[in-house]
Amino acid sequence: MGLKGRNLLQKLDFTSSRSHRTCVYKCGDACFKPVPNQSGNEYFGDLVRREFSRRSALRAGGAATVALGGASFLAACNDSASQGDSSASGSASGAATGSSEASKDVATPKGLNFEMVKPNTEDKVVVPKGYSSDVVIRWGDPVEEGAGEWSVDNQNVEDAKKQYGFNCDYAALLPIDGEKNHFLLVSNHEYTTPQQMFKGYSADNPTEEQAFIEMASHGMTVVEVEGNDKDGKLKPVMGKYNRRIHGHTIFEIKGPLAGDDRMKTTKDPEGRKVEGTFNNCSGGVTPWGTVLSGEENVDQLFAGGGDVKDEDLKKKFKRYGMEDPETARKWERFEDRWDIRKEPNEPNRHNWVVEINPWDKESTPVKHTAMGRFKHEAANVHVTGDGTVVAYSGDDSRFEYLYKFISSRKIRSGNSPEDRAENMKILDEGTLYVAKFEGNSKDFKAGTLPEDGKFDGTGEWKKLATAKADGTAESHVDGMSAEDVFLYTRFAADKVGATEMDRPEDVEPHPTNGKVYAALTNNSYRGAARPGKHDADVAEWAPIKENKNGMILEMEDDFSGEKFTWNLLLVCGDPKAAETYFGGFDKSKVSPISCPDNVAFDSFGNLWISTDGNALKSNDGLFAVALEGEARGMTKQFLTVPKKAETCGPLVFEKRVLVNVQHPGEDEEASVETTSSHWPDGGNSLARPSTVVAWKDDFTTIGE
């Protein structure tokens with residue numbers, strides 16, 4: 001399949017499959033608001049002047065051959081392929097060609113030997129031929145003893161605190177030592193959509209009970225699940241570890257801001273305890289057996305940031321997206337903590353990485369302030385050979401940044417409760433960094449591929465602040481105290497000239513190849529030149545104007561150092577579109593992929609990607625990507641989730657694949673009475689976010 005002769009900078013309509021309602025309740029309508037980052041970094045001005053002084057487009061008349069990652073493709077003059085054409089993969093998407101369709105010349109690597117699932121809009125989970133799937137647990141299913149049986153007509157706050165929460169996102173599956181086929185499933189519950197929870201819901205006048213049920217439905221779940229030796233099914237068990245962490249669970253504030261005056265509120269005059277964790281997106285499992293979770297879009301829960309009298313404080317709230325006089329959910333009517341005008345410090349107690357110990361249901365979860373305050377998509381850990389712990393996190397907003405934290409504490413070996421308690425201090429001491437990228441093609445022209453045939457370059461980690469063992473902290477940013485850096489991390493990153501990215505979401509170190517992978521979901525404002533909206537230009541690491549399909553970034557990091565190299569593994573979208581890139585692999589033999597969100601790895605070393613907001617007129621899904629050899633860039637869709645749903649929290653094991661299915665049926669008009677999806681129970685049932693497991697019918701290795 002030749003590349004079509006299309007300008008990489010052409011204006012594209014941003015047609016994500018996300019409904020406006022999803023934007024309102026998931027991310028506070030961020031798509032329709034000005035970008036909070038208005039820093040205008042000097043670095044960007046220099047970069048634009050240096051690398052984008054000349055603009056050109058791929059010539060539409062005549063043919064040109066361009067090199068892409070060592071492979072050559074014909075840039076044809078025919079422009080008939082639309083980016084919205086979900087059938088772009090041709091035979092690559094067709095089940096009829098089986099697992100050999102990837103290439104006659106390139107062998108399909110282990111882990112990817114399954115039929116590609118075709119793009120579709122079905123209201124079910126679709127898996128390859130020869131595979132099956134099943135629901136593990138649904139919103140409202142009991143988790144703790146005493147939970148009532150869920151029904152849409154019989155909801156109350158106390159039951160909600162003991163039932164599986166709404167809109168599950170991140171997932172972890174931890175084997176229980178000494179108990180064959182028993183695991184702990186740990187899930188985040190990112191957000192609630194009240195129209196799809198309560199009959200007759202009034203957005204203008206929600207009830208107090210509805211508000212508190214929503215708060216109870218946020219947070220996290222720990223639930224034991226039981227498998228078997230015959231198939232991949234997992235069944236919830238009322239186990240001793242089962243626990244619901246919700247909007248009123250007490251968390252302990254740890255690190256340099258514990259006890260800081262700006263963490264103190266009426267309910268917590270000491271500034272060391274906080275109620276609840278909200279809008280938890282992705283996360284990670286630590287080597288010491290705990291679970292990390294990122295607090296993301298909490299800005300939407302707070303009203304009145306634009307009404308504060310102090311202009312400096314108002315600027316800070318604006319940088320974190322907290323300006324609206326009232327919120328969509330109206331929680332501020334029922335609890336003062338959601339009204340900034342009444343409790344101006346409460347927002348400071350959110351947007352952190354949290355850590356829970358799933359092995360002790362009486363333990364107090366922790367918020368780690370040394371890792372900085374921003375919209376954490378996740379936090380994932382790498383341990384170097386000398387025991388140094390490095391944690392990566394993305395700030396999931398347009399033109400925000402990618403961070404890492406290097407701990408000054410070494411990991412302690414052993415799995416005893418004492419070892420785990422010591423290791424839970426690791427993320428409270430160390431140095432926080434933010435990434436600055438450079439392209440290596442100095443003659444790179446906007447609208448063309450770099451002359452070296454790939455998008456790549458170098459980078460530097462800019463030091464922000466260090467939290468020390470004695471409780472003190474040191475700032476590395478001029479004009480800001482260390483405490484200011486940790487609390488207002490976005491401002492600190494602005495000051496050091498961090499590189500503005502296209503929504504950096506999940507960032508995960510590969511377990512064996514020494515590289516780090518980041519999902520850059522999309523950015524419709526990139527180079528858009530829209531009046532009143534921040535719109536940094538395209539760059540070698542962000543080459544698509546009005547980027548609607550996203551990219552996968554691959555980094556080789558000096559984990560405990562300050563340098564890295566990078567390349568774009570995938571420039572996502574319709575394989576027929578000129579601007580897409582699949583690691584140099586033949587684009588006629590890959591699945592179309594749009595809006596990468598979370599990443600995972602299988603035992604063969606392949607990358608797996610879940611998507612959120614597919615802009616190619618198909619349901620979101622889960623994709624496997626080869627990373628090594630001639631098959632590098634081979635991309636195959638393994639499953640799709642029901643219509644209007646998002647694919648979250650992918651887990652890929654030898655014999656099981658798990659995903660969390662978030663917001664099924666969430667369209668503009670969806671309500672309890674008019675839901676457009678009836679998954680997972682079918683008939684006229686209400687759509688319910690759920691965890692799903694898939695497996696090979698003979699229960700052998702996935703994709704082998």
Side-chain angles (χ1 to χ4, degrees), residues 35-50 255-263 308 310-322 344-345 347-348 351-353 368-376 390-395 397 399-408 427-438 458-501 504 534 536 539 541 557-558 560-564:
V35 174
N37 188 355
Q38 299 290 329
S39 61
N41 286 335
E42 182 180 357
Y43 163 70
F44 257 80
D46 293 342
L47 188 64
V48 170
R49 284 189 292 273
R50 183 170 68 249
L257 288 173
D260 189 277
D261 285 345
R262 292 164 296 183
M263 303 294 277
V308 298
D310 185 299
E311 290 300 320
D312 182 63
L313 196 55
K314 184 183 295 186
K315 178 182 177 181
K316 289 179 169 66
F317 286 130
K318 182 177 182 179
R319 184 68 179 84
Y320 280 80
M322 301 177 184
N345 286 346
N348 300 337
N351 276 137
W352 303 104
V353 169
H368 289 294
T369 63
M371 298 185 72
R373 178 172 162 263
F374 49 88
K375 289 188 177 184
H376 289 272
V390 185
Y392 294 87
S393 194
D395 187 347
S397 285
F399 301 120
E400 293 299 345
Y401 310 127
L402 193 152
Y403 297 83
K404 81 172 178 180
F405 177 83
I406 303 177
S407 179
S408 56
L427 301 178
D428 296 325
E429 300 171 21
T431 301
L432 180 65
Y433 296 81
V434 68
K436 182 174 179 178
F437 287 74
E438 291 277 3
T458 60
E460 178 185 3
W461 292 104
K462 304 295 290 185
K463 192 179 294 187
L464 297 178
T466 299
K468 301 180 180 181
D470 63 2
T472 63
E474 177 186 2
S475 172
H476 307 294
V477 180
D478 290 342
M480 295 183 73
S481 70
E483 290 76 15
D484 283 344
V485 170
F486 290 119
L487 183 59
Y488 302 118
T489 309
R490 283 181 166 182
F491 285 94
D494 295 342
K495 277 180 168 285
V496 301
T499 298
E500 298 166 327
M501 308 293 284
H534 188 64
W541 36 263
D557 188 27
D558 179 5
S560 57
E562 298 180 358
K563 302 292 184 181
F564 61 89

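Starting from 1, each residue takes its place in the sequence as its number. The figures that follow rest on heavy atoms only: side chains count, while hydrogens, waters and symmetry mates do not.
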For Leu487 and Lys316, run side-chain contact (heavy atoms from CB on, under 4.5 Å): C-alpha distance rounded to whole Å, both residues' side-chain angles, the deciding distance at 0.1 Å, then the answer.
-> CA-CA 10 Å; Leu487 183 59; Lys316 289 179 169 66; over 6 Å; no

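- Closest of all the heavy-atom pairs between Ala473 and Pro256 is CB-CB, 4.3 Å.
- Using a 4.5 Å heavy-atom threshold, the side chains of Arg373 and Phe486 count as separate.
- Residues Asp312 and Asp310 approach most closely at N-OD1, 2.9 Å, considering heavy atoms.
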Are Phe405 and Ser393 close enough, and set up right, to give a side-chain contact (heavy atoms from CB on, under 4.5 Å), and what steps lead you there?
-> CA-CA 8 Å; Phe405 177 83; Ser393 194; over 6 Å; no

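- Counting all heavy atoms, side chain and backbone alike, Ser475 lies closest to Val485 at OG-CG2, 3.7 Å.
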Could you check Asp428 against His368 for side-chain contact (heavy atoms from CB on, under 4.5 Å), going step by step and ending with a plain yes or no?
-> CA-CA 6 Å; Asp428 296 325; His368 289 294; 2.6 Å; yes

Given Arg319 and Glu400, is the salt bridge (charged side-chain N to carboxylate O under 4.0 Å, His left out) satisfied, shown in steps?
-> CA-CA 11 Å; Arg319 184 68 179 84; Glu400 293 299 345; 2.7 Å; yes

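- Note that the CZ atom of Arg262 and the OH atom of Tyr488 stand 5.5 Å from one another [nearest 0.5 Å].
- Residues Gly561 and Lys404 come closest through the heavy atom pair O-NZ, 2.9 Å.
- You'll find the side chain of Glu483 reaches within 4.5 Å of the side chain of Leu257, heavy atoms only.
- Listed here is the closest heavy atom pair of His376 and Val353: ND1-CG2, 3.3 Å.
- Atom OG1 in Thr431 sits 6.0 Å away from atom NZ in Lys463 (nearest 0.5 Å).
- For the residue pair Ala536 and Glu500, the shortest heavy atom distance occurs at CB-OE1, 3.5 Å.
- A side-chain contact (heavy atoms from CB on, under 4.5 Å) with Tyr401 is found for one member of Val496, Asp494, Thr499 and no other, namely Asp494.
- Using the six-membered ring where Trp is involved, Tyr320 and Phe491 have ring planes that are tilted, between 30° and 60° apart.
- Leu402 CG to Trp541 CH2: the interatomic distance, rounded to the nearest 0.5 Å, is 11.5 Å.
- Between Lys468 and Asp470, none of the side-chain N atoms (NZ, or NE/NH1/NH2) sits under 4.0 Å from a carboxylate O, so this pair counts as no salt bridge.
- Looking only at side-chain heavy atoms (C-beta outward), Thr466 and His476 come within less than 4.5 Å of each other.
- A distance of 10.5 Å separates CD in Glu562 from CG in Asp557, rounded to the nearest 0.5 Å.
- The CD atom of Glu438 sits 6.5 Å away from the NZ atom of Lys436 when rounded to the nearest 0.5 Å.
- Taking a cutoff of 4.0 Å between a charged side-chain nitrogen and a carboxylate oxygen, Lys462 and Glu460 qualify as a salt bridge.
- Interatomic distance, Arg490 CZ to Asn351 CG, rounded to the nearest 0.5 Å: 7.0 Å.
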Apply side-chain contact (heavy atoms from CB on, under 4.5 Å) to the pair Tyr403 and Leu464, showing each step before the final yes or no.
-> CA-CA 10 Å; Tyr403 297 83; Leu464 297 178; 3.9 Å; yes

